[in-house]
Amino acid sequence: MNFNKLVYAHYVERCPKPEPFFDPLIDEQPTSTRKRAPRAVETVLSLEQKVVRTAALSDAERFSEIPYSMEKPLNANDDDHHAVASGKRKHEALEVDEEDSIIAENEVLWRANFERFIFCLKKKFCADRKKAKLKVGTLAIWEAFFEANVTNNDNKTVTSPMNGILERVGQKEGGSSMTVDQIISVLNDLESISTTRDPEQFTFDLNKLVETCRNDEVESLVKKKHGQEAYTIFRLLLKQGGPVETDEITDKTILDKQIVHETLYKLWKDEYIDSERVPSAASGTGNAQFFVWRVKNTYRERYIDHLHHAALNLRQMVNCMAELLLEGTKDETKLRNRKNILILALTRHDESLMLFHDF
């Protein structure tokens with residue numbers, strides 16, 4: 001029963017078929033002998049991809065619970081008691097899908113559902129990330145929304161029914177005095193929108209918040225390395241999403257033209273932005289040119305590269321502290337405190353890498 005609870009919550013899943021049947025000769029038949037698929041849908045898959053696709057289970061199969069018919073009597077004296085129940089279980093087993101019944105339940109392999117755990121981490125990250133910017137009343141609704149999340153196969157959004165949100169808001173401090181209209185208004189402000197299929201359910205797009213958090217991380221590094229002016233210019237270019245002229249950057253950031261030129265050069269040299277000469281349409285001769293600037297497509301890879309270098313340096317410093325502690329020194333307490341601070345910094349780097357790599 002406890003194992004089935006894990007399966008129902010999608011924390012555990014059945015492994016793919018160990019020996020999938022795949023005949024490449026049948027798959028390579030001319031398209032005239034098979035149903036022609038639309039050209040836009042046709043995709044060329046490698047042999048390995050076809051085998052993996054054949055081995056993959058449907059969601060109904062992946063999260064199929066252990067049937068109670070597998071239970072066996074504890075001893076011989078219980079045989080009569082289970083004989084009556086077994087007749088009913090056999091009748092129920094006949095209704096199980098034929099494809100599922102091929103695999104003997106005792107030989108089924110199970111594994112932890114990695115995607116589900118990553119989704120839980122993503123959900124926790126997004127909930128905590130927005131908490132710091134919320135007021136007390138709004139915070140209670142935000143927490144209740146995530147606590148009321150229903151299990152589904154979508155790892156990109158959080159969906160919660162209104163009844164569940166109301167129930168959990170009522171358990172929060174001051175939540176019992178909130179009206180339904182107030183809660184709905186706050187949910188809309190938090191970009192939790194009601195679904196088209198069921199107006200009583202609200203959905204929040206995790207990927208949208210993750211995207212914002214990623215940009216915040218990169219902007220924070222730019223600010224630390226090159227200052228407030230670089231942060232302002234980089235943020236502007238990131239929001240524009242396309243080429244911006246130098247004079248337009250100066251007008252929108254309200255910065256001195258000389259500072260803008262120096263800052264743009266720093267960001268360009270550090271490979272965060274790219275520049276391009278564009279001929280001026282206003283000039284009749286066509287010889288006049290001006291620069292436009294845009295954020296490079298590889299700016300995130302550049303940031304991750306910085307994270308990796310920083311993590312390596314921190315790890316080497318932690319190892320150095322550990323060696324000094326083993327050798328024995330008078331400043332053992334000071335070294336231990338420094339080591340703990342470095343380990344905390346490493347943990348922070350792990351969270352940033354997970355934000356860019358796994359989410």
Side-chain angles (χ1 to χ4, degrees), residues 11 112-134 139 142-143 145-146 149 154-158 190-192 204-241 263 266-274 293-322 336-359:
Y11 289 122
N113 184 8
F114 179 76
E115 293 176 356
R116 181 64 183 173
F117 283 103
I118 287 295
F119 170 72
C120 292
L121 287 173
K122 184 197 286 190
K123 188 171 74 169
K124 184 179 184 302
F125 173 86
C126 292
D128 293 342
R129 191 70 174 231
K130 210 162 185 176
K131 273 183 182 179
K133 301 177 182 179
L134 301 178
L139 179 60
W142 179 248
E143 290 176 344
F145 171 75
F146 276 88
N149 176 224
D154 186 4
N155 292 329
K156 299 177 182 178
T157 61
V158 173
L190 294 171
E191 298 182 12
S192 300
F204 180 79
D205 188 352
L206 292 178
N207 284 1
K208 188 176 179 181
L209 181 56
V210 166
E211 191 72 14
T212 303
C213 291
R214 285 172 177 168
N215 289 338
D216 290 344
E217 290 283 325
V218 180
E219 290 167 6
S220 176
L221 178 64
V222 170
K223 186 176 182 179
K224 288 177 183 176
K225 288 189 68 177
H226 301 296
Q228 179 65 39
E229 293 83 4
Y231 166 79
T232 304
I233 293 173
F234 184 79
R235 189 177 177 84
L236 171 67
L237 294 175
L238 205 57
K239 284 187 174 182
Q240 292 291 327
T263 306
K266 287 180 185 177
L267 292 172
W268 173 80
K269 192 175 180 181
D270 212 13
E271 298 183 11
Y272 279 105
I273 62 174
D274 207 354
W293 306 83
R294 61 167 64 86
V295 175
K296 293 189 75 171
N297 295 330
T298 57
Y299 75 95
R300 284 183 179 169
E301 286 78 1
R302 181 72 175 165
Y303 173 77
I304 294 173
D305 189 49
H306 280 296
L307 280 181
H308 286 150
H309 279 89
L312 177 62
N313 292 335
L314 285 169
R315 173 51 62 189
Q316 290 175 343
M317 292 171 70
V318 169
N319 293 340
C320 181
M321 296 287 178
R336 201 176 296 279
N337 290 337
R338 287 179 181 176
K339 181 186 173 184
N340 291 336
I341 292 170
L342 290 171
I343 290 173
L344 286 174
L346 262 178
T347 304
R348 177 72 181 88
H349 273 75
D350 286 343
E351 291 176 358
S352 296
L353 284 170
M354 181 172 284
L355 172 64
F356 281 86
H357 185 269
D358 295 304
F359 292 172

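Positions are given from 1, in the same order as the sequence printed here.
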Next item on the list: State which residue, out of Glu219, Arg214, Glu217, His308, fulfils the side-chain hydrogen bond (donor to acceptor under 3.5 Å, both in side chains) condition with Tyr303.
Entry: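 When side-chain hydrogen bond (donor to acceptor under 3.5 Å, both in side chains) is applied between Tyr303 and each of Glu219, Arg214, Glu217, His308, only Glu217 qualifies.
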Notebook entry, point to check: Applying the side-chain hydrogen bond (donor to acceptor under 3.5 Å, both in side chains) test to Lys123, which of Asn149, Thr157, Asp128 qualifies?
Noted result: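 Only match with Lys123 under side-chain hydrogen bond (donor to acceptor under 3.5 Å, both in side chains): Asn149.
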Check: For Lys266 and Ile273, what are the C-alpha separation, side-chain angles and deciding distance, and is it a side chain to side chain contact (heavy atoms under 4.5 Å, CB included)?
Finding: CA-CA 9 Å; Lys266 287 180 185 177; Ile273 62 174; over 6 Å; no
At what distance, to the nearest 0.5 angstrom, does [atom1] of [X] lie from [atom2] of [Y]?
{"X": "Leu237", "Y": "Lys296", "atom1": "CG", "atom2": "NZ", "answer": "13.5 Å"}
{"X": "Phe204", "Y": "Leu209", "atom1": "CZ", "atom2": "CG", "answer": "4.5 Å"}
{"X": "Gln240", "Y": "Leu236", "atom1": "CD", "atom2": "CG", "answer": "5.0 Å"}
{"X": "Thr347", "Y": "Leu342", "atom1": "OG1", "atom2": "CG", "answer": "11.0 Å"}
{"X": "Glu229", "Y": "Thr263", "atom1": "CD", "atom2": "OG1", "answer": "5.5 Å"}
{"X": "Ile304", "Y": "Thr298", "atom1": "CD1", "atom2": "OG1", "answer": "11.0 Å"}

Is any side-chain heavy atom of [X] less than 4.5 Å from a side-chain heavy atom of [Y]?
{"X": "Arg129", "Y": "Val210", "answer": "no"}
{"X": "Val218", "Y": "Phe234", "answer": "yes"}
{"X": "Asp274", "Y": "Trp268", "answer": "yes"}

Give the minimum heavy-atom separation between [X] and [Y], together with the two atoms involved.
{"X": "Gln228", "Y": "Lys223", "result": "OE1-CE, 3.0 Å"}
{"X": "Leu346", "Y": "Ala311", "result": "CD2-O, 3.7 Å"}
{"X": "Lys156", "Y": "Asp205", "result": "O-OD1, 3.6 Å"}
{"X": "His349", "Y": "Leu307", "result": "CD2-CD2, 3.5 Å"}
{"X": "Val222", "Y": "Tyr231", "result": "CG1-N, 4.1 Å"}
{"X": "Leu267", "Y": "Ala230", "result": "CD1-O, 4.0 Å"}

Note to self: Using a 3.5 Å distance criterion without hydrogens, assess whether the side chain of Asn313 forms a donor-acceptor pair with backbone atoms of His309.
What the structure shows: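 Yes, because the side chain of Asn313 sits within donor-acceptor range (under 3.5 Å) of the backbone of His309.
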Margin query: I'd like to know if the side chain of Arg338 reaches the main chain of Met317, judged simply by a donor and an acceptor atom lying under 3.5 Å from each other, with no hydrogens or angles considered.
Written below: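 No: the side chain of Arg338 does not pair with the backbone of Met317.
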Notebook entry, point to check: How about Asn215 and Tyr299: does a side-chain donor come under 3.5 Å of a side-chain acceptor?
Noted result: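 Yes - a donor-acceptor pair under 3.5 Å links their side chains.
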Next item on the list: May I have the step-by-step check of salt bridge (Lys or Arg N to Asp or Glu O under 4.0 Å) for Arg300 and Glu211, ending in yes or no?
Entry: CA-CA 11 Å; Arg300 284 183 179 169; Glu211 191 72 14; 2.6 Å; yes
Next item on the list: Tell me, yes or no, whether the heavy-atom count around Lys225 atom NZ, taken from other residues, nucleotides or ligands under 6.0 Å, exceeds 12.
Entry: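 Above 12, so yes.
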Next item on the list: Mind telling me whether Trp142 and Phe146 have parallel, tilted or perpendicular rings, with 30° and 60° as the class edges?
Entry: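 Taking Trp142 first and then Phe146, their aromatic rings stand perpendicular (interplane angle over 60°).
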